[in-house]
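These notes concern the structure reproduced below.
Chain A is the first sequence line, chain B the second, and so forth, proteins listed ahead of strands; every chain is numbered from 1.
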There are 2 protein chains.
Amino acid sequence: MNAIEEVARRAGVSRATVTRVVQGHRYVSAGTRARVQQVVQELDYRPSSAARTLASGRAGALGVVLGGPLDPESATWVAAVERATRLTGRALVVRTVPDGCPGSLTRAVQELAAQQVDGIALLCPSQEVDLPRLRDAAGTVPLQSAHDWEGEHNTWTSSGVLAVRHLRSVGHAVVHVVVGDPEAARAQALLRRSTVGPSTARVRVVTVGRDPAGTGPTVATALATSGASAVVAESDRTAWHLLSDLRRLGVRVPEDVALVSCGDAPGAAFSRPGLTVVRHHLAGPATRLVDGLLHGPAVRPPSAGPPDVELVVRGSCGTTAGRLAAAG
Amino acid sequence: MNAIEEVARRAGVSRATVTRVVQGHRYVSAGTRARVQQVVQELDYRPSSAARTLASGRAGALGVVLGGPLDPESATWVAAVERATRLTGRALVVRTVPDGCPGSLTRAVQELAAQQVDGIALLCPSQEVDLPRLRDAAGTVPLQSAHDWEGEHNTWTSSGVLAVRHLRSVGHAVVHVVVGDPEAARAQALLRRSTVGPSTARVRVVTVGRDPAGTGPTVATALATSGASAVVAESDRTAWHLLSDLRRLGVRVPEDVALVSCGDAPGAAFSRPGLTVVRHHLAGPATRLVDGLLHGPAVRPPSAGPPDVELVVRGSCGTTAGRLAAAG
DNA sequence: ATGAAAGCGCTAACAA
DNA sequence: TTGTTAGCGCTTTCAT
């Protein structure tokens, strides 16, 4: 006999009523509700999510597809999305696409979409993604990319503004921004507003390629010969490699070049000098992303709440230690 | 009309046959199979996983519950499990339990077990877990803890042996091992064999508590006053904090104390000195964990294959840079 | 090698 | 406020 039916029988009601109680519906008399809940307890009744999904058409889960490995950097985002998802009572299915190539991404999205999830969050920091194509693969399942999300209010856009503004404010007229693929979503976001507004400094983009370690020396050399005095790195890993490559060239950080990076990985404080970073607070963005997936994008961009980015000053930028928050 | 029924109709077969073809069953004539596959292509037919789960009783997913946040350290494990899971064609559901308390863990396991997954991997590095209780909560769903897994062949056990052996081999007769909670699964595993075998050195355990940053100075002081000359840290974070706390006390690393940590987080190479670490290769362990969940634990412990741990020598241990691999 | 038919456990109209 | 009923889309015996 069905679990739900057993509950119904013992409580002397119909299955429908059990469903109503379990789902917290209105229109159940207090007495009935109590009786049913009692039986639910006794029997330790747990609805089968598969049956529920099949009958309701809702999956009770969200998916996240990572266009790359689940490395410590992406983990931060995944963690935030997981939390936001859990708070809605849903499960989070994680799918990585180590090679990050378009075909694999598409397949991953299709697989997730195949009834498994109610929405898909895309986390592809380092590559260009064809959103329309992926939306198509997702069929009716909503899909949002964390990096294109919220336009000007995007975490990375705010990071760029904050980092450049800080370096500008301490006297650097030209700021070099080091990114992997300049076409990638994250880099695009980072650069979106770096060059405008009161924080204006001349910004030059320097490209590293997919692997921060790969072309490091070349980049460091380029930076050194172009006389760069201020650098923003897209990630802590890039910053670390820059740090060590620059040292190898005899360029001192922060004396000769001031360095700010984005992320604040656990080791960021422990390199020498410690990395000045733009730290990301992802609770807000992740929550909005999840809500957007579930209820459609918000009509208006977020306004209230604590800022999503914060400057943590350590040794690498050559200014006094401390913190600066900004609304981006 | 059912998707599968439509396929069946167009291919001129029954639904059962479509199922057989889709699942790669034997006993389908080549002709029939081809015809069905043709139609499957045309219609881009994707079986509903909910319906499949309901009808078959198999979920097509594995779950991982994290007894703590999804931080960069756990991310490495999750990534490995995700990969292993994906290679079996299954999805991975991630559930964190930020507070890590027994009640929450139990609830998390119950939720996952409620029809959602075919097996659960437990990742609780920093706390004692009551495995029987959690198994009970999981009901019929198999559950394994990554940290109790494989006994002597456990990754952390091997790490302990390797780290202590190395320090011993360069002349340290006493090795201090710094762990969070000594009752926690990871610490237990780390210490399991550190004190025995040809690598014998006297091992003293020093406890940090849950947060590596929390009691750091105290621990560093204790280490300094006890005249420790060699230290193994349970994690890179612990090691970093130790590094900075020791420096503050005027204790030099590696001149005064040699330090080895476990993990090899992205920043490990960039602290000064760089951290000598035991790096973990989790592909093997994760694969075996997943297989164990799916087909029951292997009869015999793993023997072949590359070692799961590797010593990466950098500055912090005071020996020449290089690498040493060991079968643990 | 293939088909028929009985569910898997629950939800959601609709009726009462 | 509660019960009735018709599925949700697929798998799996059991026959053939």
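Across all strands, Arg58(B) comes closer than 4.0 Å only to sugar-phosphate atoms, never to a base (heavy-atom distances). If you check every strand for non-hydrogen atoms under 4.0 Å, Thr32(B) touches sugar and phosphate atoms only. Note on Gly31(A): nothing from the nucleic acid sits closer than 4.0 angstrom, heavy atoms only. Here Thr19(A) lies in heavy-atom contact (under 4.0 Å) with a base. Heavy atoms of Val13(B) sit under 4.0 angstrom from primed sugar atoms or phosphate atoms, though from no base atom.
One can place CD1 of Ile4(B) at 14 Å from P of dA4(C), the figure rounded to the nearest angstrom. Regarding Tyr27(B), its OH atom lies at a distance of 16 Å from the C1' atom of dT12(D), rounded to whole Å. Separating the CD atom of Glu5(A) from the C1' atom of dG9(C) is a distance of 9 Å, rounded to the nearest angstrom. Residue Leu43(A) contributes atom CG, which lies 16 Å from atom C1' of dC10(C) at whole-angstrom precision. One atom, CZ of Arg9(B), and another, P of dT2(C), lie 19 Å apart when rounded to the nearest Å.
A pairwise comparison of heavy atoms in Ser29(B) and Thr32(B) identifies OG-OG1, 2.6 Å as the closest pair. Counting all heavy atoms, side chain and backbone alike, Leu62(B) lies closest to Val117(B) at C-CG1, 3.7 Å.
Side-chain N/O atoms of Ser14(B) include none lying less than 4.0 angstrom from OP1 or OP2 on dT2(C). In this model, the phosphate group of dA1(C) is not approached by any side-chain N or O of Ser29(B) to a distance below 4.0 Å at OP1 or OP2.
Side-chain to base pairing of Arg20(A) with dG3(D): one donor and one acceptor N or O lie within less than 3.5 Å of each other. For Arg15(A) against dT4(D), no side-chain N or O and base N or O form a donor-acceptor pair under 3.5 Å.
Checked by atom type and distance alone, the side chain of Arg33(B) pairs as donor or acceptor with a backbone atom of His25(B) at under 3.5 Å.
In terms of position along DNA chain C, the nucleotide closest to Val28(B) lies nearer the 5' end than the nucleotide closest to the other residue of the pair Ala51(A) and Val28(B). Taking for each of Ala16(B) and Leu54(B) the nucleotide of DNA chain D with the nearest heavy atom, the 5'-most of the two is the partner of Leu54(B).
The aromatic rings of His280(B) and Trp156(B) stand perpendicular to each other, their planes meeting at an angle above 60°, with 30° marking the opposite boundary.
Residues Glu128(A) and Asp130(A) form no side-chain contact, since every pair of their non-hydrogen atoms from C-beta on lies 4.5 Å or further apart.
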